[in-house]
Structure formats: structure tokens, C-alpha cells
Amino acid sequence: MSSMVDDSALFSLNLSAELATLAADPELIALQRRLQDALLQDQLSLVFQPIFDIRGLRLHSAEALLRWRHPELGQVSPARFIPLAERSDLILDLGRHVLSQAVAQIARWQAQGLEPVPVAINISGAELKQPGFAAQIAEALQRHGVPGRLLRVEVTEHGLISDFTRATENLRAAGELGLGVALDDFGTGYSSFRYLRHLPMHALKIDREFVAGVDRDARDQRVVRAMVAMAHSLRLRVVAEGVETESELNTLRRLHCDYVQGFFTGRPMPAAEFAELLAAQGSATVPT
């Protein structure tokens with residue numbers, strides 16, 4: 001427990017430093033204001049990256065990713081605007097937007113007669129601390145008539161450490177709605193194994209740091225094999241992120257990963273294009 005308290009204190013110090021940086025940088029302040037306007041002016045949209053069963057490359061699920069196209073700046077990288085939003089309550093507004101848009105899109109696919117697969121949305125640490133976290137999800141699902149099994153949430157270790165107790169409570173409440181929970185970027189934090197003991201996870205996602213070049217690096221292969229064995233012993237599924245070559249895919253298959261995500265199997269795509277994948281899959285059943 002003392003280690004979790006230390007983690008929270010370190011997180012608070014880092015956050016204070018980030019806020020000080022924001023206050024001192026006029027460019028960041030201007031970009032933050034533009035992001036606020038983007039929420040009101042329909043500049044934000046979702047794309048969907050497919051996740052496949054690694055054995056037969058059958059469509060399994062998708063991850064919804066937020067994109068921002070500014071009329072003057074053009075496409076703004078998520079690597080720039082997401083960390084910026086996380087420095088203020090704006091991340092809560094973005095989270096609500098992503099939740100609403102993702103659930104609405106699942107409902108549209110259903111209305112088109114398609115059989116949707118589960119869609120995962122990324123959840124920030126600030127969202128995990130909100131008392132009404134699960135209620136907000138339940139309201140969105142009910143409003144659009146979407147079952148909880150079609151929505152999943154992805155969290156990172158960084159998002160958990162600021163208030164681990166509240167995060168655990170909220171994720172358990174989300175699980176009671178039927179949502180699956182995945183630990184994202186697994187392997188990049190120093191406390192991930194501890195979190196797996198306490199959190200209601202269904203899957204973990206191996207960070208691309210361990211996937212890139214895994215076909216050529218024996219040490220990375222041993223690391224991935226150990227991660228997969230540990231996850232399977234806890235009855236967790238394993239998603240390999242950032243797969244970019246056929247050789248990496250084949251190596252991960254030999255290492256017994258369950259699912260694969262990356263540019264080699266499918267880049268992030270607009271909803272209409274993802275609908276074509278759903279249509280091609282035809283009578284597929286929603287996987288567990």
C-alpha cells in the first residue's frame with residue numbers, strides 16, 4: 001500500500017510541473033483554446049483500428065481513436081493535443097465526447113443491419129477519478145440502445161496511479177455493466193504486475209516497444225513469451241500492439257499472443273470503411 005501512496009505523490013508532483021509549463025507557454029495556451037473550440041465546432045472525429053484474432057485473422061474488435069482536423073492547422077497529432085487536454089479538465093470533455101460518439105456509432109452499425117464487434121475507448125486518469133464514471137457510461141449505452149458487451153475501456157498504469165482505489169471501484173462498476181477492461185501499454189510501467197492482482201481486467205495489451213522487431217530480437221521474444229504466459233495464467237487475453245510486418249505477426253503467433261493490432265493488419269479508418277469490414281465478416285458472432 002505504501003508503494004501506491006508513493007506513486008500518487010510522484011504523480012501529483014509531475015502534474016504540478018506540467019501545469020507550470022502550460023502556464024508559461026503561450027503557444028500551448030493558444031492550442032488549448034483551439035481545442036476547446038474544436039469540441040464545439042465539430043472538428044473532432046473518431047477512427048477505428050481493427051483488432052484481429054491472430055490465428056485466423058478474423059475481425060475481433062476495434063479501438064476508437066480520436067482525431068482533430070483544424071481548419072487552419074490541418075491534422076493535429078493526438079500526441080500533441082491529448083497530453084495538452086490532460087493538463088486540465090478539458091480531458092473530461094474529450095472523454096465524454098469519445099464515449100458518446102463511440103456508442104452512437106455502434107448503434108448506427110446496428111441500425112444498418114451489421115453485427116458490430118466490441119469497440120474500446122481510452123480512459124484517462126482524470127475520468128477514472130470521477131464519482132459518476134460508470135453512471136455516465138450506463139446513460140450513453142441506454143440512450144443508444146447498445147449492450148455493454150459491445151463497449152470496452154482501455155486504461156494505462158499512468159492513469160491508475162493518481163487514485164488507485166477510486167479507479168478500481170469505477171472499473172468494477174463498469175464491469176458490472178458488461179464492459180471489458182484492458183490494461184494498455186503493458187510492460188512500460190514498473191508496477192503493472194501489482195495492478196493485475198487487484199483490477200477487474202479481461203486483457204492486456206503489449207506495448208509496441210516490445211513488438212517492433214520482435215522477429216529479430218531473441219531477448220524481446222523471451223520477454224513477450226513471459227508476458228503471455230503470465231497473462232494466460234491469470235486468464236487474461238493478450239493483444240500485441242504496433243504490428244507492422246508479416247514476420248512480426250508470425251513470431252507473435254508462435255509466442256501464443258491471442259490478438260493483433262497494427263498497420264500490417266489494419267490502419268485506423270473512418271466508420272464507413274470499418275463498416276465494410278463488418279459487412280465482409282457477415283454472420284460473425286461477437287467474441288468474448
Peer 1: Rounded to the nearest 0.5 Å, how far apart are CZ of R152 and CZ of R149?
Peer 2: 10.5 Å
Peer 1: Pair V260, V239 - check side-chain contact (heavy atoms from CB on, under 4.5 Å), show working.
Peer 2: CA-CA 5 Å; V260 62; V239 182; over 6 Å; no
Peer 1: Atom CZ in R34, atom CD in E72: separation rounded to 0.5 Å?
Peer 2: 6.0 Å
Peer 1: Between Q101 (side chain) and V98 (backbone), is there a donor-acceptor pair under 3.5 Å?
Peer 2: no
Peer 1: Going by the side-chain hydrogen bond (donor to acceptor under 3.5 Å, both in side chains) test, which pairs reach into residues 260-280, not counting sequence neighbours?
Peer 2: Q49-Q261, E63-Q261, K205-Q261
Peer 1: To the nearest 0.5 Å, tell me how far L204 CG sits from L199 CG.
Peer 2: 12.0 Å
Peer 1: Using side-chain heavy atoms (C-beta onward) and a distance below 4.5 Å, is I54 in contact with L249?
Peer 2: yes
Peer 1: Enumerate the residue pairs fulfilling salt bridge (Lys or Arg N to Asp or Glu O under 4.0 Å) with a member in residues 226-236, sequence neighbours excluded, ordered by first and then second residue.
Peer 2: none
Peer 1: Would you say Q281's side chain and L59's backbone share a donor-acceptor pair under 3.5 angstrom?
Peer 2: yes
Peer 1: For S61 and V117, which heavy atoms make the closest approach, and how far apart are they?
Peer 2: CA-CG2, 3.6 Å
Peer 1: Transitively linked via ILVMFWY side-chain contacts under 4.5 Å: L35 with L65?
Peer 2: no
Peer 1: Looking only at non-hydrogen atoms, find the nearest pair between V224 and C257 and report the distance.
Peer 2: CG1-SG, 4.2 Å
Peer 1: Count I, L, V, M, F, W, Y as connected when their side-chain heavy atoms are under 4.5 Å apart, and connections chain through other members. Are L114 and M269 then in the same cluster?
Peer 2: yes
Peer 1: Can you find a heavy atom in the side chain of S45 that is under 4.5 Å from one in the side chain of R69?
Peer 2: no
Peer 1: Using the salt bridge (Lys or Arg N to Asp or Glu O under 4.0 Å) rule, collect all pairs that involve residues 96-105, keeping only residues at least two apart or in two chains.
Peer 2: D93-R96
Peer 1: Please give me the minimum heavy-atom distance between E154 and A120, naming the atom from each residue.
Peer 2: OE2-CB, 3.5 Å
Peer 1: Does the side chain of T168 reach to within under 4.5 Å of the side chain of L160, using non-hydrogen atoms?
Peer 2: no
Peer 1: At their closest point, which heavy atom of V228 faces which heavy atom of I206, and how far apart are they?
Peer 2: CG2-CD1, 4.3 Å
Peer 1: Can you list everything that forms a side-chain contact (heavy atoms from CB on, under 4.5 Å) with D258? Sequence neighbours excluded, please.
Peer 2: H232, R237, V238
Peer 1: Is any side-chain heavy atom of L84 closer than 4.5 Å to one of I82?
Peer 2: no
Peer 1: Determine, using ring centers only, whether H60 and F52 are less than 6.0 Å apart.
Peer 2: no
Peer 1: Between T251 and R254, does the side-chain hydrogen bond (donor to acceptor under 3.5 Å, both in side chains) criterion hold? Intermediate values first, please.
Peer 2: CA-CA 5 Å; T251 299; R254 290 195 301 271; 3.3 Å; yes
Peer 1: Walk me through it: do L57 and D53 pass the test side-chain contact (heavy atoms from CB on, under 4.5 Å)?
Peer 2: CA-CA 5 Å; L57 292 186; D53 185 313; over 6 Å; no
Peer 1: Go through the structure and list residues passing salt bridge (charged side-chain N to carboxylate O under 4.0 Å, His left out) with R166, not counting sequence neighbours.
Peer 2: E169
Peer 1: Rounded to the nearest 0.5 Å, what's the gap from CZ on F263 to CZ on R208? Could you check?
Peer 2: 7.5 Å
Peer 1: Please answer whether the main-chain N or O of A126 pairs with a side-chain N or O of Q130 as donor and acceptor at a distance below 3.5 Å.
Peer 2: yes
Peer 1: Going by atom types only, do Q105 and R108 share a side-chain donor-acceptor pair under 3.5 Å?
Peer 2: yes
Peer 1: Which residues satisfy the side-chain contact (heavy atoms from CB on, under 4.5 Å) test with E176, sequence neighbours excluded?
Peer 2: none
Peer 1: Just jot down the side chain to side chain donor-acceptor pair (under 3.5 Å) partners of R67, sequence neighbours excluded, or say none.
Peer 2: none
Peer 1: Kindly indicate whether the side chain of V211, heavy atoms from C-beta on, has any atom under 4.5 Å from the side chain of E241.
Peer 2: no
Peer 1: Sequence neighbours excluded, which residues qualify as side-chain contact (heavy atoms from CB on, under 4.5 Å) partners of L234?
Peer 2: L196, M230, L236
Peer 1: For residues 213-224, pull every pair meeting side-chain hydrogen bond (donor to acceptor under 3.5 Å, both in side chains), keeping only residues two or more places apart or in separate chains.
Peer 2: D215-S247
Peer 1: First locate atom CG of L94, then atom CG of D89, and finally report the distance between them rounded to the nearest 0.5 Å.
Peer 2: 11.5 Å
Peer 1: So, do L128 and D163 sit near enough that their side-chain heavy atoms are less than 4.5 Å apart?
Peer 2: no
Peer 1: Ignoring hydrogens and angles, tell me if any N or O in the side chain of D185 forms a donor-acceptor pair with the backbone of T156 under 3.5 Å.
Peer 2: no
Peer 1: Less than 4.5 Å apart, any side-chain heavy atom of N122 and any of L66?
Peer 2: no
Peer 1: For the residue pair L183 and V155, establish whether any side-chain heavy-atom pair is separated by less than 4.5 Å.
Peer 2: yes
Peer 1: Flag yes if more than 12 heavy atoms outside D42 fall under 6.0 Å of its CG atom; otherwise flag no.
Peer 2: no
Peer 1: Would you please test L90 and L39 for side-chain contact (heavy atoms from CB on, under 4.5 Å) and show each step?
Peer 2: CA-CA 10 Å; L90 188 56; L39 275 164; 3.6 Å; yes
Peer 1: Step through the shown structure and confirm whether more than 12 heavy atoms of other residues, nucleotides or ligands are within 6.0 Å of CD on E246.
Peer 2: no
Peer 1: Under the side-chain hydrogen bond (donor to acceptor under 3.5 Å, both in side chains) definition, can you give me all pairs with a residue in residues 136-147, not counting sequence neighbours?
Peer 2: E139-R143
Peer 1: Under the side-chain contact (heavy atoms from CB on, under 4.5 Å) rule, what do E248 and F264 come out as? Steps first, then yes or no, please.
Peer 2: CA-CA 9 Å; E248 290 173 353; F264 179 72; over 6 Å; no
Peer 1: Just jot down the side-chain contact (heavy atoms from CB on, under 4.5 Å) partners of V76, sequence neighbours excluded, or say none.
Peer 2: W68, H70, L73, F81
Peer 1: Following the transitive rule for hydrophobic clusters with a side-chain heavy-atom cut-off under 4.5 Å over Ile, Leu, Val, Met, Phe, Trp and Tyr, establish whether I51 and V47 coincide in one cluster.
Peer 2: no
Peer 1: Restricting to non-hydrogen atoms, name the atom on A64 and the atom on V119 that form the minimum distance, rounded to 0.1 Å.
Peer 2: CB-CG1, 3.9 Å
Peer 1: Closest approach of V103 and A140, non-hydrogen atoms and distance?
Peer 2: CG1-O, 3.5 Å
Peer 1: Once rounded to the nearest 0.5 Å, what's the spacing between atom OH of Y259 and atom CZ of R55?
Peer 2: 6.5 Å
Peer 1: What residue pairs, at least two apart or across chains, pass ring pair (Phe, Tyr, Trp, His ring centres under 6.0 Å) with a residue in residues 89-128?
Peer 2: F48-W109, W109-F274
